[in-house]
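Ligands are counted one by one from 1 in listed order, and the atoms in each one are counted from 1 as well. All values below were derived from every heavy atom in this structure, side-chain atoms included, with hydrogens, water molecules and symmetry-related copies excluded.
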Amino acid sequence: MQLIETHAHIYSTKFDDDRDNIISRARDVGISQIIMPNIDHGSIEGMLKLETQYPKLCLPTMGLHPCSVDKDFEKELQTVKAWLDKRKFTAIGEIGTDLYWDKTKYDYQVEAFNQQVNWAKKYRLPIIIHCRESIDQTIELVERLADENLTGVFHCFTGDENHAQRIIDLGFYLGIGGVVTFNNGGLAEIMHKIPMERIILETDSPYLAPKPYRGKRNEPAYVIEVAKKIAELKQHTIEDVAQITTLNAQKLFNLNG
Ligand code: NI
């Protein structure tokens, strides 16, 4: 069984003590690629080090996370742009908006998002979108910028079926993670409305561990719990879920099988 983990911050210091074990457990469950979304200038070095250490397994992306957007965001964006000019990345991410932590930065977040979406179009790269308490606004931003060159994923999707449909209409994918296993997450109830062809798997490690690890540190190997839950909800075999979501991720991120 092959799985692609499309969202894990395994460069996080939370893995400093046992990162090699985390990687081997990921391989043991069949993970062939781990996509590492960037946060800001401070995460680049650790992320690229992992790429060097685990080539073809750990794939870096480049972008500025909305929670790292402040009034000096132009400087951060210059760093992003310099890296995009210099070498190839799997995607632009993670980018988006966040009204959970700090509502006063929203206008900067929108500016940073729009700029990075334009680079995604220029470089023909998919985007990894973060939105928290801002899914309506973020879908609208994407709808405004959409064209035939723009694709990507709404990572850690937790919207309703209406949001899901708008995202599907945009040609985007839904990143499904640990929330689908939560009893009160609201996501399990709408999974039957989301076609398998639009789903990719993720953990968002070290955050949002699925049941039965909820509240603990998350790690890529737990993506199997997400796959299991989707299989149960959609009455597929786990092998089918693995195969379809792997194909979806390969298509979206241009990974060859
Ligand atoms: Ni993330």
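- When every heavy atom of Glu5 is checked against every heavy atom of Ser205, the shortest pair comes out as OE2-OG, 4.1 Å.
- The pair Asp136-Arg166 counts as a salt bridge, with a side-chain nitrogen and a carboxylate oxygen less than 4.0 angstrom apart.
- For the Ni ion (ligand 1), the set of nearby N, O or S atoms under 2.8 Å includes none belonging to Cys156.
- The N, O or S atom of Glu94 with the smallest distance to the Ni ion (ligand 1) is OE2.
- A distance of 8.5 Å separates CG in Leu174 from CG in Leu187, rounded to the nearest 0.5 Å.
- We find that Asp102 and Lys105 are joined by a salt bridge, their nearest charged nitrogen and carboxylate oxygen being less than 4.0 Å apart.
- Among the atoms of His130, none of the N, O or S atoms falls under 2.8 Å from the Ni ion (ligand 1).
- Asp204 has its closest N, O or S atom to the Ni ion (ligand 1) at the position named OD1.
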